[in-house]
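As structure tokens, the structure follows; a few thoughts come after it.
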Amino acid sequence: MSVADILVKYPTVMTNKDWQKKKGPFAKLAGKTGVGESLQACEKAWAAVDWSVFDLDQTRKKGRKAVRDGFKTAQAEYKKSVEGLRKALMAASAAADKAAAGFKKNKLIPSSATKAAADISKTAQLMLVATKSIDMKEFEALAARYDRIDKINSYEALRKDKDVLKDFLVFAKKEYSLENYMFLEQSETTKVTAKNAQAVYDAYISTASKYQLNISNKVRKAYEDCMAQQDWGSMDGVMEKVRNEVIANLLDTLIRFKAEA
């Protein structure tokens, strides 16, 4: 979540200094409008808001605890400061509308002053919309996702959470360990026989394979021996050993993924 630019950088048009400059001498002679005071109140209320607490990206950099606490922190800041700003903005908009209407009736006051008041009201309304659109639930959603990730400690659990799995596979590809998941998925229902032993070997077991698995030489040799001796009865046990080592590798990747997620 990010806060709209109109809130992060206070608009010049909403400053009393800009208003005093634009309304001109004739409007000043017409009497007080209350616009200047309301703008000063807006500036003060805006400065009191800690906008950084609504920045999810920045909060994420501070760690998981900050994200988990972020939802409550953002809620508290909204109630403490943003609601006060909203009241000030509504008052400024009302004062500006009243001033614009009065200026329009006075032929001595130039249209530029009327426009200046109208611009204040319009900007105040835009800022009100922006404050209303601050969605703090993104903090809650990310915290819930962290909780889900923290609970994933097995290959089976990882497979079940499709949302987390998608990000995990992107991470695994980045660190060149995607072959572990690919092999586990493909070998889940595949029985190695005389018909496919060579294909499985070429795809994952061979040291020349593009997706070579990081398994022990002992297990790799056991697979090669079963192929050479046509010992398909022992191949199931060898494949179980291969899968166990690959699962261990995948869980190592999972640990690193969880640290960066």
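Along the sequence shown, residues carry numbers from 1.
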Does D163 have more than 12 heavy atoms from other residues, nucleotides or ligands lying within 6.0 Å of its CG?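 Result for CG/D163: enclosed.
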Can you establish whether the number of heavy atoms outside Y211 located under 6.0 Å from its atom OH is more than 12?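 No - once you tally the heavy atoms of other residues, nucleotides and ligands closer than 6.0 Å, there are 12 at most.
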Supply the atom-to-atom distance [X] [atom1] to [Y] [atom2], rounded to the nearest 0.5 angstrom.
X    : Y    : atom1 : atom2 : value
I134 : Q75  : CD1   : CD    : 12.5 Å
T73  : E77  : OG1   : CD    : 9.0 Å
I149 : R64  : CD1   : CZ    : 5.5 Å
K23  : I109 : NZ    : CD1   : 9.5 Å
R145 : D161 : CZ    : CG    : 8.0 Å
I152 : L165 : CD1   : CG    : 8.5 Å

Do [X] and [Y] come close enough that some side-chain heavy atom pair is under 4.5 Å?
X    : Y    : result
Q230 : W232 : yes
F54  : V82  : yes
T253 : F168 : yes
V3   : D55  : no
K98  : T33  : no
V49  : L7   : no
M227 : Q198 : yes
Q212 : R220 : yes

Please confirm whether the backbone N or O of [Y] pairs with a side-chain atom of [X], one donor and one acceptor, at under 3.5 Å?
X    : Y    : result
S93  : L89  : no
S209 : I205 : no
K162 : R159 : yes
Q58  : S52  : no
N249 : N214 : yes
Y146 : K65  : no

When you check the gap from the basic side-chain N to the acidic O, do [X] and [Y] get nearer than 4.0 Å?
X    : Y    : value
D150 : R68  : yes
D119 : K115 : yes
K221 : D225 : yes

Locate the shortest heavy-atom distance separating [X] from [Y]; write the atom from each residue and the value.
X    : Y    : answer
M14  : Y10  : O-OH, 2.9 Å
V35  : S38  : O-OG, 2.7 Å
C226 : M235 : CB-CE, 3.5 Å
A45  : A88  : CB-CB, 4.3 Å
S187 : M239 : CB-CE, 4.1 Å
I120 : A92  : CG2-O, 4.4 Å

Assign the ring pair Y204 / F183 to parallel, tilted or perpendicular, where the plane angle (0 to 90°) is split at 30° and 60°.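 Aromatic pair Y204/F183 classed perpendicular.
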Does any donor atom in the side chain of S121 or D97 lie under 3.5 Å from an acceptor atom in the other side chain?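 Yes.
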Same cluster or not: are [X] and [Y] linked, directly or through other Ile, Leu, Val, Met, Phe, Trp or Tyr residues, by side-chain heavy atoms under 4.5 angstrom apart?
X    : Y    : value
V8   : W46  : yes
Y223 : M182 : yes
V129 : M127 : no

Carefully, step by step, assess K174 and E260 under the rule side chain to side chain contact (heavy atoms under 4.5 Å, CB included). CA-CA 13 Å; K174 184 177 68 175; E260 292 189 18; 4.0 Å; yes
Trace of the side chain to side chain contact (heavy atoms under 4.5 Å, CB included) decision for V192 with N196: CA-CA 6 Å; V192 177; N196 63 9; 3.9 Å; yes
As a quick check of understanding, evaluate side chain to side chain contact (heavy atoms under 4.5 Å, CB included) for V53 and T59, giving each step before the final call. CA-CA 7 Å; V53 304; T59 303; over 6 Å; no
Please determine whether side chain to side chain contact (heavy atoms under 4.5 Å, CB included) holds for the pair Y181 and K173, giving the CA-CA distance in whole Å, both sets of side-chain angles, and the decisive distance to 0.1 Å. CA-CA 10 Å; Y181 186 82; K173 183 177 181 179; over 6 Å; no
Go through the structure and list residues passing side chain to side chain contact (heavy atoms under 4.5 Å, CB included) with A100, not counting sequence neighbours.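 Result, side chain to side chain contact (heavy atoms under 4.5 Å, CB included) vs A100: T114, A117.
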Write out all pairs satisfying salt bridge (Lys or Arg N to Asp or Glu O under 4.0 Å) with one or both partners inside residues 237-251, taking only residues at least two apart or from two chains.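 Applying salt bridge (Lys or Arg N to Asp or Glu O under 4.0 Å) to every pair that reaches into residues 237-251, excluding sequence neighbours, yields E188-R243.
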